[in-house]
Engineer: 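Below is the structure I would like to discuss, written out as structure tokens.
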Amino acid sequence: MSETPPVSPEIDALLQEHRVFPPSEAFRAQAAVNDPEVYARAAADPEAFWEGFARELEWMRPWTRVLEWTPPDAKWFTGGTLNASVNCVDRHARSARRNKAALIWEGEPGDRRTLTYFDLFRQVSQFANVLKSLGVTKGDRVALYLPLIPELAIAMLACARIGAVHSVVFGGFSAESLRDRINDSQCRLLVTADGGFRRGHVVALKQVADEAVADTPSIETVIVVQRGQQDIPVVMKDGRDRWYHDLMREASHDCPPEEMDAEDMLYILYTSGTTGKPKGIVHTTGGYLVGTYATAKWVFDLKEDDVYWCTADIGWVTGHSYVVYGPLANGATVVMYEGAPDWPEKDRFWEIVERHGVTIFYTAPTAIRAFMRWGTDWPRRRDLSSLRLLGSVGEPINPEAWIWYHLHIGAERCPIVDTWWQTETGGMMITPLPGLTATKPGSATHTFPGISAEILNDAGEPVPVGGGLLALTKPWPAMLRGIYGDRDRFIKQYFSRWPGGIYFTGDGAKRDEEGYFWLLGRVDDVINVAGHRLGTMEVESALVDHPHVAEAAVVGRSHEIKGQAIAAFVTVKEGVAISEALGEELKKHVAHKIGAIARPDDIIFAADLPKTRSGKIMRRLLRDIAEGKAIGDTTTLADPAVVARLKEQYLAIEG
Ligand code: WT7
């Protein structure tokens with residue numbers, strides 16, 4: 001855990017980056033935030049700063065204290081009560097925004113739906129009544145396993161309306177992953193769909209859900225959304241399964257919102273950690289809403305007539321905070337697209353930008369690198385002149401990708417906001433403000449006003465200029481309140497590296513002479529594959545679950561498009577013959593156990609794994625082998641020859 005961040009050639013290049021892009025005068029002049037004083041004012045009194053945003057939301061009862069901080073426990077806006085669905089829906093439906101588009105949705109096959117704020121208000125209220133009629137009450141957990149369709153946002157907001165806690169599980173996860181998440185938080189009800197679409201294929205979600213629910217005693221009811229005109233076969237189990245459209249037909253449009261304490265739980269979202277078991281990150285109502293509202297408003301410079309598109313799936317935190325809660329709390333028009341960027345053609349995203357006049361576009365570096373590979377003809381065929389602001393999230397963006405994005409999507413006109421944050425932080429933490437910040441390609445620049453971050457060394461001493469570990473030194477409204485059901489892990493993971501309530505991010509970072517932050521990637525056993533977080537232990541557990549595998553060690557290696565790829569070193573049991581077919585079988589096994597995102601890119605069969613004399617696997621060496629790098633010091637190894645053999649093997653499979 002205390003290894004210094006690996007310095008790959010990409011990161012070396014990143015640190016040589018000196019270009020600076022100040023916002024254009026035209027952008028600066030119209031930006032909601034263009035006075036640099038905001039930073040000093042927020043730093044002088046962060047509580048007053050956040051309170052200002054809280055006042056812009058609708059509360060049922062005002063708070064009596066802004067912050068109570070007994071590390072590691074933060075309570076924000078204590079005494080205050082509110083409802084998240086009222087803030088995201090009702091107050092716009094009551095206003096001049098009533099007929100404004102809230103969601104503009106496109107399915108991958110080309111089907112389209114637009115819901116106004118008033119539509120959304122009615123459907124959220126109806127589904128809230130459906131949940132109530134099925135016995136769901138305040139505090140109950142509800143699992144949502146859906147494709148990227150409007151019903152996912154509706155179901156989240158309906159849970160929020162009645163005080164139920166949603167737990168969204170990304171539709172690409174396996175039955176086992178879904179089952180474990182449902183059981184960990186004891187969900188009472190599951191909402192799924194007959195299926196979704198990905199690259200022209202049906203993803204049969206209900207079938208996967210059936211497999212999961214066979215082993216989840218807490219689930220009483222499964223609600224099934226019929227995805228569209230296409231007939232996707234499903235088996236409905238009597239007494240357990242109900243069609244969404246049947247239930248909605250009978251439900252009333254009137255559902256008074258539950259009055260929620262600011263610190264009542266809003267949702268749980270599972271994310272990978274350093275052990276085999278994903279952690280249920282807990283977010284509460286008041287602080288989370290204030291944090292996502294404020295950051296969406298300022299970082300995206302949201303204006304009344306913007307058309308905002310974040311390409312993330314709602315199954316990840318980016319979708320929770322910046323498809324649903326942040327933009328809807330701002331009354332924005334949100335574009336949602338179900339499918340792949342290269343379906344039916346490689347200009348699908350640009351076609352959507354053109355068709356809906358998207359003004360703000362937020363995506364991940366892995367997507368940008370794929371666009372680069374596909375070439376500039378695809379975006380050039382489309383009218384992208386509506387765009388005024390671009391965003392990036394999920395992993396470090398390499399300067400080449402940043403510049404490509406700037407030139408070929410932003411036409412040198414759009415500021416780029418590279419936003420660093422995590423599932424745990426709830427909202428953006430290190431990011432430019434587009435009307436203020438001079439950006440540097442590859443740097444997430446500065447903390448959002450009111451946020452405190454520092455680079456610390458292992459001893460907890462600040463590193464004002466140079467590299468170390470990224471720490472968040474003060475509480476913030478949208479911070480996680482815990483790991484569901486695991487207080488010890490919460491403290492150990494985030495608050496035990498340094499004393500005094502300093503949060504450890506798990507990321508290595510560097511600060512340059514001008515105070516800019518450069519994120520360098522994880523320093524723990526977490527890898528980032530195409531912007532998705534995976535625990536190496538999770539993949540290892542899936543591998544050793546296979547009857548032929550004796551031992552497995554998984555590391556991340558750099559990958560041109562995905563950022564990191566998964567390399568798995570595997571030893572097999574006595575008598576098992578290794579073959580290419582077995583390698584394929586193991587890849588499939590992992591995909592089946594966890595989900596396609598966890599499918600290893602390389603399987604390297606080894607006679608032995610490099611271990612220290614005390615038996616600890618030397619992952620650093622495995623990373624070096626997988627990166628094709630020179631092997632460092634091997635004197636602590638029990639058997640140094642193991643490394644030479646592995647390296648030879650790796651080179652052989654790489655061809
Ligand atoms: C990890 C968090 C933030 C929502 C999506 C991922 C990496 C995220 C950046 C960025 C460099 C980034 C970090 C972080 N990360 N954004 N702009 N620059 N790295 O959320 O799954 O919780 O993963 O993603 O390593 O710790 P997540």
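Every number for a ligand or one of its atoms is a count from 1 in the order of the listing.
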Engineer: More than 12 heavy atoms of other residues, nucleotides or ligands under 6.0 Å from NE2 of His559: yes or no?
Structural biologist: yes

Engineer: Show me the short polar-atom pairs for ligand 1: any N or O of it lying under 3.5 Å from a protein N or O, with distances only.
Structural biologist:
residue	atom	partner	partner atom	Å
ligand 1	15 (N)	Gly394	O	3.3
ligand 1	16 (N)	Gly394	N	3.1
ligand 1	17 (N)	Asp418	OD1	2.8
ligand 1	17 (N)	Thr419	O	2.8
ligand 1	18 (N)	Glu395	O	3.3
ligand 1	19 (N)	Pro396	N	3.4
ligand 1	22 (O)	Thr423	N	2.8
ligand 1	22 (O)	Thr423	OG1	2.5
ligand 1	22 (O)	Arg533	NH1	2.7
ligand 1	24 (O)	Gly394	O	3.3
ligand 1	25 (O)	Asp507	OD1	3.0
ligand 1	25 (O)	Asp507	OD2	2.9
ligand 1	26 (O)	Gln422	NE2	2.9
ligand 1	26 (O)	Asp507	OD1	2.8
ligand 1	26 (O)	Asp507	OD2	3.3
ligand 1	26 (O)	Arg522	NH1	2.9

Engineer: Could I get the full list of ring-ring contact (aromatic ring centres under 6.0 Å, His included) partners for Trp105, not counting sequence neighbours?
Structural biologist: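 Expected list: none.
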
Engineer: Is a side-chain donor-acceptor pair under 3.5 Å present for Thr275 with Arg489?
Structural biologist: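 Yes, a side-chain donor-acceptor pair sits under 3.5 Å.
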
Engineer: In chain order, what residues pass the side chain to side chain donor-acceptor pair (under 3.5 Å) check against Arg141, with sequence neighbours excluded?
Structural biologist: Tyr484

Engineer: Stepwise, does the salt bridge (charged side-chain N to carboxylate O under 4.0 Å, His left out) test hold for Glu400 with Arg373?
Structural biologist: CA-CA 12 Å; Glu400 301 68 42; Arg373 154 94 56 100; over 6 Å; no

Engineer: Checking Glu538 now: which residues fulfil side chain to side chain donor-acceptor pair (under 3.5 Å) with it, not counting sequence neighbours?
Structural biologist: Ser272

